[in-house]
Amino acid sequence: MKTLIQGVKGARDFYPEDMAFRSWLNRKLGDVSRMFGYQEYDGPFLERLELYAAKSGEELVKEQSFVFEDRGGELIALRPELTPSLARMVATRQNELLFPLRWWSFGPFWRYERPQKGRSREFFQWNIDLVGVNSREADTEMLAIGCTFFKEVGLSSNQVVIAINDRELMEAELTSLGISNESLKDVYRLIDRREKMSADAWDTYANDIGITEKQLLDIKDLLENKELWKKSAALSYIFNLLDGMGFLPYMQYDPNIIRGLDYYTGIVFEARDREGGRAIFGGGRYDNLVGDVGGQPAGGIGFAMGDVVIRLTLEKYKCIGELPVAPAKVLVTLFNQETVAPAIAIAAKIRTAGIPVEIYPEVAKLPKQFKYADRQKMRFILVLGPDEVISGKVSVKDLLDGKQSVVSLAEAIELISK
RNA sequence: GUGGCUGUAGCUCAAUGGCAGAGUGCUUGACUGUGGAUCAAGUUGUUGUGGGUUCGACCCCCAUCAGCCACCCCA
């Protein structure tokens with residue numbers, strides 16, 4: 001115990017029960033992705049730091065990336081997010097890819113942050129993107145995918161909500177308040193921090209970036225205006241389409257949603273537990289990213305969901321059923337030395353029938369073998385003792401109802417395959 | 001990166017500066033061919049790690065590592 005080498009801070013072990021959840025989640029989000037016609041892909045886990053340097057935002061690159069120098073002197077980062085890789089991959093084969101392009105992925109990411117509840121340094125993320133169109137229908141689809149996922153895993157609109165805003169709308173409103181294009185990014189940052197700072201500190205911060213008293217009051221009004229979306233033709237259109245799909249209860253307009261990543265250009269959104277906590281997923285429209293990494297301009301929209309927060313949320317609302325860890329539902333016992341060979345032969349025949357089987361891997365007392373099967377939550381036990389060997393039959397016990405019968409091998413296979 | 005809380009048996013947690021404990025689990029038996037339930041007996045420790053104070057440290061002090069919470073940021 002004392003000589004155990006500790007795991008890396010913020011990295012998690014996936015014991016079988018954790019892996020069962022990860023696989024379950026992978027299957028669920030894969031099902032939803034495929035339901036909308038999305039194709040699975042992946043990017044490399046390593047990228048040049050410069051891919052993120054210009055596009056993702058200062059903090060993510062300078063403070064939160066795992067970076068190292070390779071032997072050739074290149075600065076390499078463990079990917080902190082996928083969207084820049086996606087943009088690069090699209091730009092690389094722009095002339096051969098078929099657009100609109102619908103891609104999804106589920107894989108590991110790394111960010112050098114302080115681990116705590118809902119946040120680790122190594123985490124898995126579902127990324128889903130629709131690239132090559134800038135349309136309100138595309139925006140709607142991405143939101144519908146988020147809603148469908150929530151429905152699919154059993155999270156209701158009373159429990160979670162997708163808050164949405166439109167950066168174009170905000171840009172127009174802020175410009176009409178006399179805020180220059182140059183300070184727009186600063187004001188976005190200001191808005192993004194509103195609920196994270198004290199009122200006084202926020203006012204001071206606003207003053208520091210050159211916002212006048214009058215403008216500050218106007219911005220505050222703007223951020224209180226839950227009806228602001230009505231000024232956006234895009235948001236009105238999107239809400240209408242989502243209403244038609246029955247997803248409107250999941251949606252909520254919120255002028256405070258801005259998002260920290262610099263590359264978002266249109267609608268931005270994030271999903272949360274209605275009772276608070278970290279964002280479950282977040283995303284938005286990025287119409288310049290592919291162009292920024294050297295491709296022809298191509299718009300895109302997508303979002304990312306981390307495995308840590310969604311697991312906490314699903315556990316909180318008891319959305320995860322029993323996830324079987326043992327793949328075999330049948331245990332073949334080894335009664336004594338004489339019955340080992342016939343028992344192993346029977347197990348092999350059952351496998352030929354396509355049924356996963358475990359053999360107790362040594363001769364042992366039956367109570368011990370039964371207990372093992374029970375604790376593994378296996379359904380059936382096959383006993384092949386001297387009596388069965390003589391009669392040419394096997395005993396099959398169903399641990400669910402405790403009933404046991406002596407039958408032929410064919411009948412046993414029939415029993416356990418139900 | 002900043003501030004705070006915590007770390008004792010496999011797990012959950014006790015123990016005024018004075019013999020390190022309980023529940024649960026595990027092993028065995030009651031039941032020599034049958035799990036879950038019950039009962040009985042047994043078992044489990046360099047108190048995260050390294051220093052210091054003290055006659056004596058799980059307890060006080062320092063450092064360090066890890067987890068958690070609030071910031072920061074975000075999935």
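Chain naming here is simple, since letters A, B, ... match the order of the sequence lines and numbering starts at 1 in each.
- Looking only at distances, no side-chain donor or acceptor of A:Arg121 sits under 3.5 Å from a matching main-chain atom of A:Pro115.
- A:Ser120 comes within contact range of at least one nucleobase, with a heavy-atom separation under 4.0 Å.
- In this structure, A:Tyr188 places its OH atom 20 Å from C1' of B:C73, rounding to the nearest Å.
- To the nearest whole angstrom, the two C1' atoms, one in B:A22 and one in B:U44, are 13 Å apart.
- Residue-nucleotide stacking is not present for A:Phe109 and B:A75, judged by a side-chain ring centre under 5.5 Å from the six-membered base ring centre and planes under 30° apart.
- No side-chain donor from either of A:Gln64 and A:Tyr52 sits under 3.5 Å from a side-chain acceptor of the other.
- A close approach under 4.0 Å does occur between a side-chain nitrogen or oxygen of A:Gln116 and OP1 or OP2 of B:A70.
- Taking atom OH on A:Tyr263 and atom C1' on B:C74, their separation rounds to 11 Å, with Å as the unit.
- A residue-by-residue look at A:Phe335 and A:Val308 shows that A:Phe335 has its nearest nucleotide of RNA chain B further toward the 5' end.
- The phosphate of B:A66 has OP1 or OP2 within less than 4.0 Å of a side-chain N or O from A:Lys9.
- Across all strands shown, the partner of B:C60 is B:G52, judged by Watson-Crick or G-U wobble contacts whose two distances both fall under 3.5 Å.
- Side-chain contact, A:Gln116 with A:Arg278: a donor N or O sits under 3.5 Å from an acceptor N or O.
- A distance of about 38 Å separates the C1' atoms of B:U6 and B:U38, rounded to the whole Å.
- The listed nucleotides are B:A75, B:G35, B:G33; the one nearest the side chain of A:Ala304 is B:A75.
- As rounded to the nearest Å, B:C55 and B:U12 have P atoms that lie 37 Å from one another.
- A:Phe149 and A:Trp126 have tilted rings, their planes meeting at an angle from 30° to 60° on a 0 to 90° scale.
- A:Lys397 comes within 4.0 angstrom of a base, heavy atoms only.
- In this structure, A:Glu122 places its CD atom 21 Å from P of B:C74, rounding to the nearest Å.
- Side-chain proximity of A:Gln64 to B:G35, B:C74, B:C73: nearest is B:C73.
- Using a 4.0 Å heavy-atom cutoff across all strands shown, A:Asp387 reaches at least one base atom of the nucleic acid.
- The nearest whole Å value for the distance from the CZ atom in A:Arg121 to the C1' atom in B:C65 is 12 Å.
- Taking the C1' atoms as reference points, B:U54 lies 12 Å from B:C61, given to the whole Å.
- For A:Arg259 and B:C74, a side-chain-to-base donor-acceptor distance below 3.5 Å is absent, hydrogens and geometry of angles not being considered.
- With A:Ser33 contributing its side chain and A:Gln39 its backbone, the two residues share no donor-acceptor pair below 3.5 Å.
- Positionally, the nearest nucleotide of RNA chain B for A:Lys365 lies more toward the 5' end than for the other of A:Ser395 and A:Lys365.
- Atom C1' of B:C59 sits at a distance of 12 Å from the matching atom of B:G18, rounded to the whole Å.
- For B:A14, there is no paired base (Watson-Crick or G-U wobble, both distances below 3.5 Å).
- In this structure, A:Leu366 places its CG atom 13 Å from P of B:G29, rounding to the nearest Å.
- Between the side chains of A:Ser23 and A:Asn26, no donor N or O sits under 3.5 Å from an acceptor N or O.
- At whole-Å resolution of the value, CG in A:Asn336 and P in B:U34 are 14 Å apart.
- Among the atoms of the strands shown, only primed sugar atoms or phosphate atoms (P, OP1, OP2) are found under 4.0 Å from some heavy atom of A:Ile280.
- Residue A:Asp398 contributes atom CG, which lies 16 Å from atom P of B:G36 at whole-angstrom precision.
- Checking B:G36 for Watson-Crick or G-U wobble geometry (two distances, each under 3.5 Å) identifies no partner in any strand.
- B:C58 and B:G21 have their C1' atoms separated by 12 Å, with the value rounded to a whole Å.
- No contact: A:Gly283 has no heavy atom under 4.0 Å from any strand.
- For B:G67, the paired nucleotide is B:C5, the pair qualifying as Watson-Crick or G-U wobble because both relevant distances are below 3.5 Å.
- A salt bridge links A:Arg311 with A:Glu315: at least one charged nitrogen is closer than 4.0 Å to a carboxylate oxygen.
- The partner of B:A75 is absent, by the rule that a Watson-Crick or G-U pair needs both atom distances under 3.5 Å.
- Within 4.0 Å (heavy atoms only), A:Gln404 reaches at least one base atom of the nucleic acid.
- Side chain to side chain, A:Asn127 and A:Gln125 meet the donor-acceptor criterion of an N or O pair below 3.5 Å.
- Across all strands shown, the partner of B:U43 is B:G25, judged by Watson-Crick or G-U wobble contacts whose two distances both fall under 3.5 Å.
- Taking side-chain N and O atoms only, A:Lys371 has no distance below 4.0 Å to OP1 or OP2 of B:U28.
- Using a 4.0 Å heavy-atom criterion, one finds that A:Ala373 contacts no nucleic acid atom at all.
- Side-chain atoms of A:Arg119 stay outside donor-acceptor range of the base of B:A75, with no qualifying N/O pair under 3.5 Å.
- Using Watson-Crick or G-U wobble geometry with both donor-acceptor distances under 3.5 Å, B:C19 finds no partner in any strand shown.
- Among the nucleotides B:A75, B:C68, B:G35, the one closest to the side chain of A:Pro115 is B:C68.
- Between B:A57 and B:C69, the two P atoms lie 35 Å apart (nearest whole Å).
- For a distance-only test at 3.5 Å, the side chain of A:Arg114 fails to qualify as a donor-acceptor partner of the base of B:G67.
- Within the 4.0 angstrom heavy-atom criterion, only backbone atoms of the sugar-phosphate kind lie near A:Phe281; the bases stay farther away.
- When the P atom of B:U34 is taken as reference, atom CG of A:Leu334 falls 17 Å away, rounded to whole Å.
- Using the Watson-Crick or G-U wobble rule with both distances under 3.5 Å, B:C31 pairs with nothing in any strand shown.
- At a cut-off of 3.5 angstrom, the base of B:G1 holds no donor-acceptor pair with the side chain of A:Glu113.
- For B:C74 and B:U16, the C1' atoms lie 46 Å apart once the distance is rounded to whole Å.
- Formation of a donor-acceptor pair under 3.5 Å by the A:Arg119 side chain with backbone atoms of A:Arg114 is found in this model.
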